[in-house]
Amino acid sequence: MSDNQNLLAEQRRALILDEVRRRGGVRVNELTRKLNVSDMTVRRDLDALARQGLVEKVHGGAVPVSEPSAHEPGFEAKSGLELSAKEDIAKAAAEMAAPGSAIALAGGTTAFALAQQLLEVPDLTVVTNSVRVADVFYTAQRAAASGGTGARAGAATVVLTGGVRTPSDTLVGPVADAAIRSLHFDVLFLGVHGISVEAGLSTPNLAEAETNRHFVRSARRVVVVADHTKWGTVGLSSFATLDEVDVLVTDAGIPAQTRAEFAELPPELVVAGEQPDDADI
């Protein structure tokens with residue numbers, strides 16, 4: 001069998017990782033048929049994913065790695081995962097930011113993708129505890145200024161909370177909490193480590209959980225942005241129930257069973273990147 005040359009190794013491995021997480025495990029022969037590649041190629045891909053700590057190899061295939069509830073992956077480790085899903089989610093969520101509004105944007109790679117979409121929304125006031133998110137806006141302002149025209153009209157005003165930096169490049173702790181408590185937001189856009197019906201929204205970082213609680217309390221409207229791999233994941237500390245969430249924005253990879261569960265819950269579910277007819281499938 002000749003290898004499928006239409007997929008780069010990174011794309012193929014992302015597809016394999018998604019399949020492992022979605023199904024709870026896959027066999028090598030299933031992947032060779034699905035991807036139209038050789039047995040050796042699949043095994044090399046699984047070796048690469050196992051070295052990154054993303055899957056665990058078993059006889060004949062691979063299963064997801066069971067992470068401890070207190071394990072907190074860094075920003076770089078998460079930044080290359082589910083890229084198309086995060087882009088779809090970011091585009092859908094950006095439509096919920098009204099020009100001239102005051103928004104809060106918490107940390108994470110999905111929030112980072114959303115920040116790039118928000119650059120075109122005029123006159124925002126953005127409060128964030130994410131160093132990466134703040135840098136998106138600062139970089140855009142510097143680029144505009146270097147063109148000789150100054151910062152573009154309607155560019156966002158950005159407030160970075162301060163605090164102690166986490167592995168995911170968010171600022172947490174008493175300084176961040178005090179800054180957030182003194183403010184009021186029209187909308188909070190919140191990325192999460194995990195979502196479940198029982199545990200609600202959770203994170204492996206205790207200090208980040210407390211900072212997120214203050215974000216939620218200070219917002220009139222809470223919009224959670226999370227790709228389908230976050231569903232069913234539970235971190236060490238819960239910081240909000242699903243009753244406290246107004247909108248959940250996810251991607252079309254969300255399992256049908258999960259979709260059915262959330263149909264009975266208070267938050268509005270927005271499935272980004274889904275064609276209108278897909279909802280009935």
Side-chain angles (χ1 to χ4, degrees), residues 72-79 86 89-90 93-94 96-119 121-142 151 154-194 200-226 230 235-240 244-247 249:
E72 182 177 9
F75 185 93
E76 298 298 340
K78 298 183 291 183
S79 61
K86 290 172 184 175
I89 291 167
M96 302 176 192
S101 60
I103 69 169
L105 193 53
T109 53
T110 308
F112 178 76
L114 174 55
Q116 297 172 68
Q117 298 294 326
L118 292 173
L119 290 174
V121 180
D123 301 314
L124 288 177
T125 298
V126 179
V127 177
T128 184
N129 68 330
S130 168
V131 176
R132 301 284 186 141
V133 165
D135 192 55
V136 169
F137 293 101
Y138 294 153
T139 299
Q141 290 172 349
R142 288 196 298 269
T157 299
V158 182
V159 179
L160 190 61
T161 62
V164 179
R165 197 164 180 164
T166 71
S168 58
D169 285 343
T170 56
L171 302 176
V172 300
V175 173
D177 298 347
I180 295 164
R181 279 199 307 269
S182 67
L183 301 170
H184 304 280
F185 314 113
D186 296 310
V187 185
L188 163 65
F189 294 100
L190 182 66
V192 296
H193 174 80
L201 312 181
S202 62
T203 173
N205 187 301
L206 291 172
E208 185 172 30
E210 184 62 18
T211 297
N212 284 344
R213 288 187 193 104
H214 290 294
F215 265 134
V216 171
R217 291 169 189 158
S218 296
R220 295 185 182 91
R221 184 172 171 83
V222 177
V223 178
V224 172
V225 290
K230 306 297 178 67
L236 177 64
S237 179
S238 295
F239 59 85
E244 296 175 273
V245 177
D246 296 290
V247 184
V249 186

With a 4.5 Å limit on heavy-atom distance, are the side chains of Thr170 and Asn205 in contact? no

Given side chains that start at C-beta, do those of Val172 and Glu210 come closer than 4.5 Å, heavy atoms only? no

How far does CD of Gln117 sit from CD1 of Ile89, to the nearest 0.5 angstrom? 12.0 Å

Show the numbers, then the answer: is there a side-chain contact (heavy atoms from CB on, under 4.5 Å) between Leu118 and Leu105? CA-CA 10 Å; Leu118 292 173; Leu105 193 53; 4.1 Å; yes

To check you understand the geometry: which heavy-atom pair defines the closest contact between Phe137 and Ala156, and what is its length? CD2-CB, 3.9 Å

Can Phe215 and Phe239 be said to form a side-chain contact (heavy atoms from CB on, under 4.5 Å), step by step? CA-CA 10 Å; Phe215 265 134; Phe239 59 85; over 6 Å; no

Closest contact, heavy atoms only, Asn129 versus Ala106: OD1-CA, 3.4 Å

Specify the closest pair of heavy atoms between Leu124 and Ala98, including all atoms of both residues, with the distance to one decimal. CD2-O, 3.5 Å

Ignoring hydrogens and geometry, is there a side-chain-to-backbone donor-acceptor pair from Gln141 to Val136 under 3.5 Å? no

Evaluate Leu160 against Tyr138 for side-chain contact (heavy atoms from CB on, under 4.5 Å), listing each step before the verdict. CA-CA 11 Å; Leu160 190 61; Tyr138 294 153; 4.2 Å; yes

Just by distance, with hydrogens left out, do Asp177 and Thr211 show a side-chain donor and acceptor under 3.5 Å apart? yes

Within the 4.5 Å heavy-atom criterion, are Ser101 and Thr125 side-chain neighbours or not? no

Keeping Ser202 on the side-chain end and Ser238 on the backbone end, is there a donor-acceptor pair under 3.5 Å? no

Residues 217-224 side chain polar contacts: donor-acceptor under 3.5 Å, at least two apart:
| unit_1 | atom_1 | unit_2 | atom_2 | d |
| --- | --- | --- | --- | --- |
| Ser218 | OG | Ile180 | O | 3.2 |
| Ser218 | OG | His214 | O | 3.0 |
| Arg220 | NH1 | Asp186 | OD1 | 2.9 |

Examine distances only and state if a side-chain atom of Lys86 and a backbone atom of Thr109 form a donor-acceptor pair shorter than 3.5 Å. no

Short side-chain donor-acceptor distance under 3.5 Å, Glu208 and Thr203: yes

Under the side-chain contact (heavy atoms from CB on, under 4.5 Å) criterion, do Asn212 and Leu190 qualify, and how do the steps go? CA-CA 8 Å; Asn212 284 344; Leu190 182 66; 3.8 Å; yes

Any non-hydrogen side-chain atom of Phe185 less than 4.5 Å from a side-chain atom of Ile103? no

Looking at every non-hydrogen atom in both residues, tell me the closest pair between Gly235 and His193 and how far apart they are. CA-CD2, 4.0 Å

Check Val225 against Ala93 and note the closest heavy-atom contact, atom names and distance. CG1-CB, 3.7 Å

Closest non-hydrogen atom pair, Ala240 against Val216: CB-CG2, 4.4 Å

Nearest-0.5 Å distance, CG of residue Leu114 to OG of residue Ser130: 11.0 Å

Please round to the nearest 0.5 Å and tell me the distance separating atom CG of Leu171 and atom OG1 of Thr161. 5.0 Å

Can any side-chain N or O of Ser182 pair as donor or acceptor with the backbone N or O of Ala179 at less than 3.5 Å? yes

Side chain Asp123, main chain Gly100, donor-acceptor under 3.5 Å: no

